[in-house]
Amino acid sequence: MSNLLPQAVPERCESRPAAQPEIVHLPERTADLGAGLIVRRSLPTRGRRLVGPWCFLDLYGPLEFANRKVMDVAPHPHIGLQTVSWLFAGEAIHHDSLGCTATARPGELNLMTAGRGIAHSEETPPRNSGRLHGVQLWVALPDAERHREPGFDHYTDLPVLEPGGGRAQVFMGSLGTAQSGTRTFSPMVGADVRVGGHGVLRLPLEVSWEHALVVIEGEVMLDGTRLTPGGLHYLGIGRAGLALSAERPAHVLLIGGAPFETAIVMWWNFVARTAEELQLAREDWQQRRVFGEVTAYQGTRLEAPPLEGRPVARR
Ligand code: MN
């Protein structure tokens with residue numbers, strides 16, 4: 001997806017990991033994009049800009065439709081990040097400027113590594129289930145990797161942990177002994193977690209990482225606290241595991257990782273380190289340099305929004 005809630009002023013985002021376990025609820029920001037598509041942004045949000053290397057989380061749907069193209073995000077550029085397209089229902093077809101095409105569907109990951117620059121589109125395919133529900137996440141690339149050549153990967157065989165009380169499918173990084181095998185450049189986890197509705201689901205965590213949960217459906221109990229849908233539940237650092245329970249089946253997303261070592265600057269679909277890099281990337285896109293063309297997309301590409309001012313530090 002493109003950042004559909006762009007601001008003119010870039011944001012400087014610093015990692016501020018909590019020193020101990022905690023549960024802090026941070027509200028989401030919601031935007032109605034028309035055609036019934038509502039996007040709920042939980043990251044970056046007021047009070048939390050990064051969780052490990054995760055710097056962006058948009059939830060969209062659930063939506064049911066007929067004879068419509070609900071998702072139609074025209075070609076747009078990215079630098080300095082990976083886009084993680086993970087669906088709970090429905091389909092989204094990806095085309096990019098490397099010539100890659102792949103359909104994301106539940107259990108199958110589309111992972112694009114932008115590196116120095118790539119362009120892509122994401123659309124509801126002509127043949128579809130009439131449903132759409134999913135997340136778009138971004139991972140900031142570390143300094144040594146952020147200028148690498150771009151790439152795209154599609155994964156269909158992602159590991160599942162089933163310790164009792166539910167299951168967790170790992171789509172990025174690792175969770176205990178389960179390794180996603182997907183292309184990552186810093187220590188992290190991204191997992192789709194189903195709490196069964198009876199018993200306790202115990203998941204191992206890396207104690208030095210920070211973690212957060214987003215409740216997609218239902219309610220879960222953690223440390224005597226009831227976690228509900230809407231926004232981000234930040235869990236801090238220093239947890240060796242999670243014990244989740246639920247009275248009815250519930251669905252949550254787990255993200256985490258080693259605290260990110262450098263401050264990032266975000267604007268539109270770019271993750272960089274300085275305002276000058278953002279300005280150059282914007283000009284490269286507008287002048288049709290660097291990013292290439294998404295020739296498989298039928299239609300016109302997105303224009304970059306205005307970029308104004310110096311980066312503003314947001315907490
Ligand atoms: Mn995108």
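Order of appearance sets the numbers: ligands from 1, and atoms from 1 within every ligand.
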Among residues at least two apart in sequence or on other chains, which ones pass side-chain contact (heavy atoms from CB on, under 4.5 Å) with E247?
R226
Environment of the Mn ion (ligand 1) in terms of protein N/O/S atoms, cut-off under 2.8 Å:
M1 O, H76 NE2, H78 NE2, H120 NE2
Just jot down the salt bridge (charged side-chain N to carboxylate O under 4.0 Å, His left out) partners of R12, sequence neighbours excluded, or say none.
E14
Run the side chain to side chain donor-acceptor pair (under 3.5 Å) test against E91 and tell me which residues pass, sequence neighbours left out.
S129
In plain terms, say whether D284 and R116 are close enough for a salt bridge, that is, a side-chain N and a carboxylate O under 4.0 Å apart.
no
Answer yes when E22 and R239 have at least one side-chain N-carboxylate O distance shorter than 4.0 Å, and no when they do not.
no
Only one of L26, L137, L232, D58 passes side chain to side chain contact (heavy atoms under 4.5 Å, CB included) with L43; say which it is.
L232
